[in-house]
Amino acid sequence: MIAVFKRELKSYFLTPLGYTFMGLFLLIAGFFFSYGNLLPRSPRYAQFFGNILFIYLIAVPLLTMRLLSDERRLKTDQLLLTSPIKVSGIVLGKYLAAFSVFLITLAVTVMYAVLVGIHGDLAVAETIGAYLGFVLLGACFISVGTFISAVTENQVTSAFFTFFALLFIWLIDLVRQIVPMDLTSGLIFAAVAVVAITVYFYMNTRNLVVAAAALLIGAGAVTATFFLRQEFFLGIMSDVLDWLSLLARFGSFSLGILEFSTVVYYVSFTTVFLYLTVQVIEKRRWA
Amino acid sequence: MVEVRGITKRYGPHVAVNDVGFSIGKGEIVGFLGPNGAGKSTTMNILTGYLSTTEGEVTIDGMPILEYPEDIKRKLGYLPENPPLYVDMTVTEYLKFVAQIKGVAKKTVPSRIAEVLETVKITDVRKRLIKNLSKGYKQRVGLAQALIGDPEILIFDEPTSGLDPKQIIEIRDLIRKLGENHTVILSSHILHEVSAICRRVMIMNLGRIVADGNPDTLAIQHSPTGQLIVTVLGEGEKARATLADVAGVTRVTDRATEETGAVEFVLDTDGDVRPKVFEAMSSAKLTLIQMRVNTMSLEELFLQLTSGEQEVPA
C-alpha cells in the first residue's frame, strides 16, 4: 500500500495534473479570501469555507479522474493485480495519495488564517472546526471520485460522471424539499427500489431463481411493513436522500460545533465508497 | 508445479477458454501457440490470477490460486501482452516500485535492480524516462519487471511482438537463458518462435488445447502415416523400378525436386522400410542422397489443427 501511495503521490507532480489541481484550488480560494476577508477587512474566516464549497465540484473530478481509470486503460492494473498485494491496499494507497494532494493544497490556505489572526481577531475554535469539516467533506467527495474512476476506463468519462455525481449530492437538499411525502408515493418508491435490486441481482448472477427469490423477499418485506408500520413509508424518499446529504451536515462545523455523529457519518460515507471501489475491482475479474 | 484443471472462461455467451487442462513441471519451457483470439492471453491472465475462471481451478505447488493469491503471486513473474509500464517514471524508479510491490526485501532492492538491469541489458538507459524509450527497450523493461521479484515461474505473453528481427533474436536468447533456471510459459502466434525456444508446445484454437507435446514429435504424430521421401541421383526409371520392388512399398509417386540431376519419390509403405530401401539401392548401385519420413512441418500441422473448425457453442 505504501509503495502504491508513494508512486501515486509522485505521479501527481510528474504530470500537470497535481499542479492544475493546486493552481485551480488556490486560485478560487485566493479569490474568495480576498473578496470575503481581505477587502472588506472581515475576520470571519470560517465563513470562507462556506463560500468555497463549490470548489469541490470542479476540483475533485480533476483530482480523481485518472486514479484508477488510467491503470485500466494503460493495462498497468495487470501489474498491480498480479503482484502480491491486496486490492484494498491498492485502492487505499491511491485514495490516500489523492487525499494527500488535497491536504497539501489546503495547507497553503492555513496562511490565510494566520493572516487573519495577525491583523484581526481570529475565532480559533471556529476555524479549526471549519477546517475539520472541510477536510472530512473533501474525504467523502474524493471517495466518490475514486469509486467512479474505478468503474470507468477513460479520464474524461470519469471526470464527467464524478462532476454529475457531486452535483447530485449538491442538489440533494433541494430535491429533498420537493419529493412527495405521502403514503402512496412512499410505497411506489419502495416497490421501484425492490425491482431495481432484483434487476441488479439478475444482471449479476443471470439466475432467475435468485432474482425471483429477491423479488419475493423484497415484496414480502414491503407488504409486511405496510401492515405493521405504515408510517414507515411517509417521507421515505426524503429519508433516503438524507443519507446522502453531505452538505447539510457541514453547517454545524463552520459554526464551530463538533458533532461526533457527523464525523462518524463522513468517515462511514468514505469507507462505504472505498469498499465499493474494492468490490468493483474484485468483481471485474469474475465478469 | 503448475496444475490446471478444466478451466473455462465465459464472457456472456462467448467462451474464451473452454475446458482447458494441463500440468507443467519444474524447469519446463512451454509455448502456447495459436491464432489471435485462440484464448492464449486469457489462459495466461487466469494463470497469473488477473482473471478468475468461470469453472475449473489453477493450483501452483499444490496451492489453489484463489485460496493463496499472495503466496502464489510471489512465485510468478508476468509480462502481459502490453508491458504494464508507468511511462512517466525512469526505468530505475519504475523497477524500484515494482520491487516494493513484489515484496523484495528493502535492503536488497538496489542490488536486485542492478542485477536485473544487467540481465536484460538495459543498464545504459536506467535513468531515462520510460516514455522516451524505443519499443524494444520498453519490452525489456517489461521483462525486467517480471524478473525483479525473483519468481520461479515466468509467464510471457507474446514477448517478441512488435520488435525488429535483431531484437527478437536477443529476446529469444534471453528467454532461453532464463529457462535454464526458471519455469517459463510463453505464448506466441509465430510458429518458429515457439519451436525455437520451447521443448513443449500447446496449440490452442477456439479456446481449446488441440495438441500438446514436443514440437518434433507433434509433427510426426499428426503426419499421414507410412510415407517415405527418397531422393536418388540420376537414372529415374531404374530407381523407380528398384523402389517398387522393395518389400513393403505399396506405391511409388514422383515428387518435384529442386536438386539438380536427382529424382525424388514418395513411397507409400507398410511399416518401416528404410533399411530395405537402403540395401536395394546399394545393390542396384544407385546413389541414395536423401531419405526421410514424410512428416508435416509444424506449420502444416498448425494450419491443419487451427482451421476448418466451428466456433464451440456455449
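Computed over heavy atoms, backbone and side chain alike; hydrogens, waters and symmetry mates excluded. Just so we're on the same page: letters track the sequence lines, and every chain starts at 1.
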Which heavy-atom pair separates [X] from [Y] by the least distance, and what is that distance?
{"X": "B:I101", "Y": "A:V4", "value": "CG2-CG2, 4.2 Å"}
{"X": "B:K9", "Y": "A:R285", "value": "NZ-O, 3.1 Å"}
{"X": "A:K75", "Y": "B:P84", "value": "O-CB, 3.6 Å"}

Side chain, backbone, both or neither: which part of [X] has an atom under 4.5 Å from a heavy atom of chain A?
{"X": "B:I46", "answer": "neither"}
{"X": "B:V98", "answer": "side chain"}
{"X": "B:I65", "answer": "neither"}
{"X": "B:P80", "answer": "both"}
{"X": "B:T54", "answer": "neither"}
{"X": "B:D71", "answer": "neither"}

Atom [atom1] of residue position [X] - does it have more than 12 heavy atoms of other residues, nucleotides or ligands inside 6.0 Å?
{"X": "A:F13", "atom1": "CZ", "value": "yes"}
{"X": "B:K96", "atom1": "NZ", "value": "no"}
{"X": "B:Y68", "atom1": "OH", "value": "no"}
{"X": "A:Y12", "atom1": "OH", "value": "yes"}
{"X": "B:E70", "atom1": "CD", "value": "yes"}
{"X": "A:I2", "atom1": "CD1", "value": "no"}
{"X": "A:F160", "atom1": "CZ", "value": "no"}
{"X": "A:F54", "atom1": "CZ", "value": "yes"}

Got a salt bridge between B:E93 and A:R7, using NZ or NE/NH1/NH2 to carboxylate O under 4.0 Å?
->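 A salt bridge is absent here (no side-chain N lies under 4.0 Å from a carboxylate O).
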
Strictly by modelled atom types, are B:K102 and A:S83 linked by a side-chain donor-acceptor pair under 3.5 Å?
->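 On atom types as modelled, these side chains qualify, holding a pair under 3.5 Å.
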
Pair A:Q78, B:N82: side-chain N/O donor-acceptor within cut-off below 3.5 Å |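 Looking only at side-chain atoms, B:N82 and A:Q78 do not form any donor-acceptor pair under 3.5 Å.
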
Segment of A:T82 engaging chain B (4.5 angstrom heavy-atom cut-off) =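 Contact with chain B involves both backbone and side-chain atoms of A:T82.
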
Side chain proximity check, A:D77 to B:Y50, heavy atoms < 4.5 angstrom =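 Result yes, sub-4.5 Å side-chain heavy-atom pair found.
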
Student check: side-chain heavy atoms of B:Y94 and A:L79 closer than 4.5 Å |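 Touching, per the 4.5 Å side-chain cut-off.
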
Chain B contacts, top residue of A:A3, A:S11, A:P84, A:G89 (heavy-atom pairs, under 4.5 Å) =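 Looking at each of A:A3, A:S11, A:P84, A:G89 in turn, A:P84 comes out on top.
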
Test applied, side-chain contact (heavy atoms from CB on, under 4.5 Å); reference residue, B:Y86; option that passes from A:D70, A:L74, A:T76 |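 Result for side-chain contact (heavy atoms from CB on, under 4.5 Å) with B:Y86: A:T76.
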
CZ of B:F97 to CD of A:E8: how many Å apart, nearest 0.5 Å?
->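 That separation rounds to 8.5 Å.
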
To the nearest 0.5 Å, how far apart are OH in B:Y78 and CG in A:L81?
->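 Rounded to the nearest 0.5 Å, the OH-CG separation comes to 11.5 Å.
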
